[in-house]
Amino acid sequence: MVETNLLVGGDRCVTYGSVSRIGASYSGSALGYRHLQVMLMFLGVTFAYALRTNLSIAIVSMTDKNSSNPNFPEYDWDPQTRSTILSSFFWGYVVFQIPAGQLAERYGANIFFSSALFITGALSLLTPVAADLGDWPLVCACRVLQGASQGFLYPSIHTLLSLWVTPEESGLLGTIVYAGAQLGTIISMPLSGVLASSSLGWPSVFYIFGGIAVAWGILCAIVGASSPAKHKFITGEERKFIEESHTNRSSDKRYSTPWLSIITSPPMIALTIVHACQCWGFWTLLTEMPTYMSDILKFDISKNGLLSALPYLVMWLLSFVMSPVSFWLQRREIISLTASRKLFNSIAHYGPAAALIGVALAPVDNPDLVVALLTIAVGLNAGTFVGFQINHVDLSPNFAGTLMGITNGLGNIMSIVGPLVVGVILGTESTREKWQIVFYIASGIYLFGNTIFVIFGSAVVQPWNEPKKSKENAESAPTEKA
């Protein structure tokens with residue numbers, strides 16, 4: 001095996017098993033600046049999700065000082081108030097999704113991506129002060145603004161992926177980027193529990209993660225770029241390799257968005273529905289699982305954080321199993337891209353639906369079984385990375401950011417509704433019987449969403465991807481063997 005000796009973006013690059021001189025004949029097998037951009041996005045998503053999820057653990061300490069370090073303020077927030085606070089992030093999150101996609105496509109996504117991280121981190125630094133000065137309404141205000149800033153995150157990332165990643169690499173590199181969400185959760189939940197129990201107390205949860213996000217936002221603004229054409233250091237060969245791979249992406253950045261074609265497209269409607277159902281199930285579990293483990297399973301804050309993170313560790317690990325398998329199935333032409341998207345999304349939704357029914361029926365005096373079922377329910381969501389989550393780029397490389405803005409904006413209305421419904425169901429008292437209703441509802445929503453995606457979903461580039469040509473090419477739109 002040849003020794004690996006890499007100079008990213010330079011003239012010399014030795015890879016395993018072969019030597020590839022970038023300056024002579026760039027094959028795409030070497031690491032390059034597109035991989036650096038992927039790493040910036042991956043860690044950006046990691047820190048963004050750490051800021052989304054740390055409150056799920058911190059709020060346990062904020063409302064029960066005896067569960068962690070008792071030397072810090074405690075707030076009298078009942079379950080319904082806590083659910084309102086946890087859902088408030090999404091009130092702002094849904095507002096800018098569609099404008100974010102449009103702005104990222106028109107003006108360059110990197111500035112919006114890096115700004116989202118910086119602003120979210122800065123607001124995290126202000127959260128303990130907000131709680132002290134304005135109680136839960138001001139905490140909600142901080143979370144709404146955090147959500148608004150992160151509303152630019154995924155539309156910007158989808159726009160960056162559509163420009164930086166070759167179609168062949170989209171599943172694998174897209175999975176790496178989006179797996180940052182699980183890594184952020186894995187890091188945030190147990191570390192938040194440890195920090196809350198330490199001498200630094202629960203305010204340190206917001207200070208530490210906020211400071212990291214601010215620093216990373218600045219780094220992404222300096223090192224990243226909105227496209228290969230705008231990167232200062234990328235070689236001409238790598239740039240040409242990336243741009244020539246995008247046969248379905250036009251260099252014309254002034255296409256008018258074909259709104260009517262998009263919103264009436266059956267694959268797009270199916271994608272929006274499955275995204276909404278994913279948001280309900282995933283975010284209900286993410287925001288409410290620590291409360292369930294505290295109120296019903298009676299875990300202390302440190303153990304709660306560790307066990308709440310376990311399902312997301314499994315999901316993160318499974319993403320690096322499912323993505324190569326999906327890539328291999330397509331590379332060997334065993335199944336079509338459309339079939340692959342539906343297969344892995346079915347694993348990601350039908351599996352958790354069954355597991356959540358098991359959680360509802362499992363005896364609470366067997367917490368190991370409950371945790372195992374919750375781990376399965378969350379872990380199998382890894383299939384979405386090579387299922388619906390990258391499907392926006394499949395349907396329209398030219399409007400991937402806008403499509404993500406549409407589905408993420410409409411879909412995350414369910415991220416608001418889900419925790420609020422849990423709050424209404426639980427009321428002022430959290431009981432096992434009420435939690436059973438929560439799990440049954442989430443299970444049914446998972447089943448419904450994926451069934452629609454299986455029936456109407458597609459991974460074929462749509463005719464409206466190039467609006468100027470869609471009319472003349474409507475009859476010769478790409479077909480694919482199912």
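What's counted below: heavy atoms across the whole structure, side chains too, no hydrogens, waters or symmetry copies.
Two residues are said to be in side-chain contact when any heavy atoms from C-beta on lie closer than 4.5 Å; Phe42 and Leu183 meet this criterion. Using a 4.5 Å heavy-atom threshold, the side chains of Arg143 and Gln146 count as touching. Under the 4.5 Å side-chain criterion, counting only non-hydrogen atoms from C-beta, Phe113 is in contact with Ile157. Annotation: side chain of Phe89 is in contact with side chain of Gln150 (closest heavy-atom distance under 4.5 Å). Looking only at side-chain heavy atoms (C-beta outward), Ser346 and Val454 come within less than 4.5 Å of each other. For the pair Val378 and Gln182, the minimum side-chain heavy-atom distance is 4.5 Å or more. Here the side chains of Leu403 and Met268 are in contact, with some heavy-atom distance below 4.5 Å. Counting only heavy atoms from C-beta outward, the side chains of Thr159 and Met404 never approach each other to under 4.5 Å.
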- Show your working on side chain to side chain contact (heavy atoms under 4.5 Å, CB included) between Leu86 and Ser56 and close with a plain yes or no. CA-CA 7 Å; Leu86 291 171; Ser56 297; 4.0 Å; yes
- Show the numbers, then the answer: is there a side chain to side chain contact (heavy atoms under 4.5 Å, CB included) between Leu191 and Phe209? CA-CA 10 Å; Leu191 185 55; Phe209 288 114; 3.8 Å; yes
- Test Val461 against Leu395 for side chain to side chain contact (heavy atoms under 4.5 Å, CB included), laying out the working first. CA-CA 4 Å; Val461 176; Leu395 298 180; over 6 Å; no
- Query: Could you walk me through whether Leu318 and Leu380 pass the side chain to side chain contact (heavy atoms under 4.5 Å, CB included) check?
  - Reply: CA-CA 7 Å; Leu318 282 178; Leu380 290 179; 4.3 Å; yes
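Between the CZ atom in Phe118 and the CD1 atom in Ile218 there is a gap of 5.5 Å [rounded to 0.5 Å]. A distance of 11.5 Å separates CD1 of Ile269 from CG of Leu410, quoted to the nearest 0.5 Å. We find the CD1-CG distance between Ile212 and Leu51 to be 8.5 Å, quoted to the nearest 0.5 Å. Taking CD1 from Ile347 and NZ from Lys342, the interatomic distance works out to 15.0 Å, rounded to the nearest 0.5 Å. With rounding to the nearest 0.5 Å, the separation of OG1 in Thr264 from CH2 in Trp464 is 9.0 Å. In this structure, OG1 in Thr127 is found 7.5 Å from CG in Leu55, a value given to the nearest 0.5 Å.
Judged by distance alone, the side chain of Gln97 and the main-chain N or O of Val95 form no donor-acceptor pair under 3.5 Å. Checked by atom type and distance alone, the side chain of Asn398 pairs as donor or acceptor with a backbone atom of Asn465 at under 3.5 Å. Looking at Ser204, its side chain does come within 3.5 Å of a backbone N or O of Gly201 through a donor-acceptor pair. Although no hydrogens or angles enter the test, the distance criterion places a donor-acceptor pair under 3.5 Å between the side chain of Ser124 and the main chain of Phe206. Of the possible polar contacts, one joining the Asp78 side chain to the Thr81 backbone as a donor-acceptor pair under 3.5 Å is found. Side-chain atoms of Thr46 do not come within 3.5 Å of backbone N or O of Gly184 as any donor-acceptor pair. Here the side chain of Asn110 pairs a donor or acceptor atom with the backbone of Cys220 at under 3.5 angstrom. In terms of modelled atom types and a separation under 3.5 Å, the side chain of Ser265 and the main chain of Ser261 share no donor-acceptor contact. Remark: side-chain polar atoms of Ser197 are not paired, donor with acceptor, to backbone N or O of Val194 under 3.5 angstrom. Between the side chain of Gln462 and the main chain of Ser396, no donor-acceptor pair closer than 3.5 Å is present.
Using a 3.5 Å distance cut-off with no hydrogens or angles, the side chains of Thr175 and Ser319 do not pair a donor with an acceptor. Side-chain polar atoms of Tyr350 and Thr451 form a donor-acceptor pair below 3.5 angstrom. Between Gln389 and Asn345, the side chains place no donor N or O within less than 3.5 Å of an acceptor N or O (distance only, hydrogens not considered). A donor-acceptor contact under 3.5 angstrom links the side chains of Ser340 and Ser326, judged on distance only. A donor-acceptor contact closer than 3.5 angstrom is absent between the side chains of Asn381 and Thr384. A donor atom on one side chain and an acceptor atom on the other are found under 3.5 Å apart for Tyr93 and Arg52. Checked by atom type, the side-chain pair Thr407/Thr272 shows no donor-acceptor distance below 3.5 Å. A side-chain N or O of Gln102 and one of Thr257 form a donor-acceptor pair less than 3.5 Å apart. Side-chain atoms of Thr402 and Glu105 include a donor-acceptor pair closer than 3.5 Å.
Residues Arg341 and Phe453 come closest through the heavy atom pair O-CE2, 3.9 Å. Considering every non-hydrogen atom in both Ile273 and Gly449, the closest pair reads CG2-CA, 4.4 Å. Taking both residues in full, the closest heavy atoms of Ala196 and Ser61 are given as CB-OG, 3.3 Å, listed atom of the first, atom of the second, then distance. Counting all heavy atoms, side chain and backbone alike, Ala148 lies closest to Phe152 at O-CD1, 3.7 Å. Nearest heavy atom pair, residue Leu373 against residue Ala362, reads CD1-CB, 4.1 Å. When all heavy atoms of Ser156 and Phe112 are compared, the pair lying nearest together is OG-CB, 3.5 Å.
Checked options Phe388, Phe282, Tyr154, Trp280; the residue passing with His275 is Phe388 (criterion: ring pair (Phe, Tyr, Trp, His ring centres under 6.0 Å)).
The aromatic rings of Phe320 and Trp316 sit perpendicular to each other, their planes meeting at more than 60°, with 30° as the lower class boundary.
In the displayed structure, Trp435 atom CH2 is contacted under 6.0 Å by more than 12 heavy atoms of other residues, nucleotides or ligands. More than 12 heavy-atom neighbours from other residues, nucleotides or ligands sit within 6.0 angstrom of CG on Asn71.
For Trp216 and Phe47, the gap between ring centers is short of 6.0 Å.
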